A.B. asks: 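Here it is: the structure, laid out below.
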Amino acid sequence: ELRVKESDRLEAIASGLKALNVPHYLYEDGIEISGVKEIFPSDEPIDSFGDHRIAMSFLISSLISTKDIKVLNAKYPNQPILFNLIGACYKKIGELEGAIKMFRIAVSLEPKYAEAYFNLASVLNSLNQKNEAEENYKIAIKISPKYFEAHNSLGNLYIELGQLDSAIESLEWAIAY
């Protein structure tokens, strides 16, 4: 079945692994992959052969990559929502550095993506990177002024920082929406 879906998935994975310089051996009915701790990709994008599952697989591999991995996917070309969702998954399982990386990709692809800025700010805040969290909450609010959660989270951040006047202002905005 892996050879007759949206693409020949075995061949697509083998091609992507080759681009990532990951040792592997392709069989007729499977693939053997040698484990690696770090990936050293070429500068060329990985071809997903129009299969979004292949694209998602290789985007996740960027967590152990020495640099960002680019994936070509004609059906879903670099959809920011996919990166935001992957980031949310990483956040949920506690892989916060991976979450940050995915949220940053999402906002680089769509600079007006308020939810991705909010998610990025939330993770940064949890890592005690308060200044950058504040900056990203503010960007989310600038993009979407009625973003209740962003106003509320920014207000709570200001409480933590002891900036009570700013906290009141943000929380009053949250109440307004």
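Source: prediction; values computed, not measured. Just the heavy atoms: all of them, side chains too, but no hydrogens, waters or symmetry mates, feed the values below.
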A.B. asks: For the CZ atom of Arg104 and the OG atom of Ser108, what is their distance to the nearest 0.5 Å?
C.D. replies: 10.5 Å
A.B. asks: Considering residues at least two apart in sequence or located in another chain, which fulfil the side-chain hydrogen bond (donor to acceptor under 3.5 Å, both in side chains) criterion with Glu169?
C.D. replies: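 In terms of side-chain hydrogen bond (donor to acceptor under 3.5 Å, both in side chains), with neighbours along the sequence ignored, Glu169 is linked to no residue.
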A.B. asks: Kindly say whether Ala121 contributes a backbone atom to a donor-acceptor pair with the side chain of Asn125 at under 3.5 angstrom?
C.D. replies: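 Such a contact is absent between Asn125 side chain and Ala121 backbone.
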A.B. asks: Nearest heavy-atom pair of Ile13 and Phe58: which atoms, and what distance?
C.D. replies: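 Heavy-atom minimum between the residues: O-CZ, 3.5 Å.
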A.B. asks: Would you check, one step at a time, whether the test side-chain contact (heavy atoms from CB on, under 4.5 Å) holds for Leu127 with Ile100?
C.D. replies: CA-CA 10 Å; Leu127 291 172; Ile100 288 171; 3.5 Å; yes
A.B. asks: For Ala99 and Gly87, which heavy atoms make the closest approach, and how far apart are they?
C.D. replies: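 Looks like CB-O, 3.4 Å.
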A.B. asks: So if you build clusters from Ile, Leu, Val, Met, Phe, Trp, Tyr with side-chain heavy-atom gaps below 4.5 Å, do Ile93 and Met102 land together?
C.D. replies: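 Yes, it is one cluster - the side chains of Ile93 and Met102 are joined through contacts under 4.5 Å.
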A.B. asks: Are Ile141 and Leu120 in one and the same hydrophobic cluster, where Ile, Leu, Val, Met, Phe, Trp and Tyr link if side-chain heavy atoms are under 4.5 Å apart?
C.D. replies: no
A.B. asks: Taking only residues two or more places apart in sequence, or in another chain, which ones meet Lys142 in a salt bridge (charged side-chain N to carboxylate O under 4.0 Å, His left out)?
C.D. replies: none
A.B. asks: With sequence neighbours excluded, tell me which residues meet side-chain contact (heavy atoms from CB on, under 4.5 Å) with Lys112.
C.D. replies: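 Only Glu110, Ile143 meet the side-chain contact (heavy atoms from CB on, under 4.5 Å) criterion with Lys112.
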A.B. asks: Write out all pairs satisfying side chain to side chain donor-acceptor pair (under 3.5 Å) with one or both partners inside residues 82-98, taking only residues at least two apart or from two chains.
C.D. replies: Asn84-Tyr113, Asn84-Asn119
A.B. asks: What residues form a ring pair (Phe, Tyr, Trp, His ring centres under 6.0 Å) with Phe148, not counting sequence neighbours?
C.D. replies: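 Scan of Phe148 (ring pair (Phe, Tyr, Trp, His ring centres under 6.0 Å), adjacent residues dropped) gives none.
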A.B. asks: Atom CG of Leu124 and atom CD of Glu132: how far apart are they, to the nearest 0.5 Å?
C.D. replies: 4.5 Å
A.B. asks: How many angstroms lie between CG in Asp165 and OG in Ser170, if you round to the nearest 0.5 Å?
C.D. replies: 11.0 Å
A.B. asks: Within this structure, what is the CG-CG distance for the pair Leu26 and Leu10, rounded to the nearest 0.5 Å?
C.D. replies: 6.0 Å
A.B. asks: Quick one: list whatever passes side-chain contact (heavy atoms from CB on, under 4.5 Å) with Ile33, sequence neighbours left out.
C.D. replies: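 Checked Ile33 against side-chain contact (heavy atoms from CB on, under 4.5 Å); matches are Leu17, Val22, His24, Ile31.
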A.B. asks: Please check if Ile54 and Ile46 belong to a single hydrophobic cluster, counting links between Ile, Leu, Val, Met, Phe, Trp and Tyr side chain heavy atoms closer than 4.5 Å.
C.D. replies: yes
A.B. asks: What side-chain donor-acceptor pairs closer than 3.5 Å can you find for residues 150-164, not counting sequence neighbours?
C.D. replies:
residue, atom, partner, partner atom, Å
His151, NE2, Pro145, O, 2.7
Ser153, OG, Glu149, O, 3.0
Asn156, ND2, Asn152, O, 3.1
Tyr158, OH, Glu134, OE2, 2.7
Glu160, OE1, Lys130, NZ, 2.6

A.B. asks: Spell out, yes or no, whether Ile139 and Val123 are grouped together once hydrophobic residues are joined by side-chain heavy atoms under 4.5 Å, including indirect joins.
C.D. replies: no
A.B. asks: Please list, chain by chain and in numerical order, all residues satisfying ring pair (Phe, Tyr, Trp, His ring centres under 6.0 Å) with Phe118, sequence neighbours excluded.
C.D. replies: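 Residues passing ring pair (Phe, Tyr, Trp, His ring centres under 6.0 Å) with Phe118: Tyr137, Tyr147.
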A.B. asks: Report the distance from atom CD1 of Ile168 to atom CD1 of Ile175, rounding to the nearest 0.5 Å.
C.D. replies: 10.5 Å
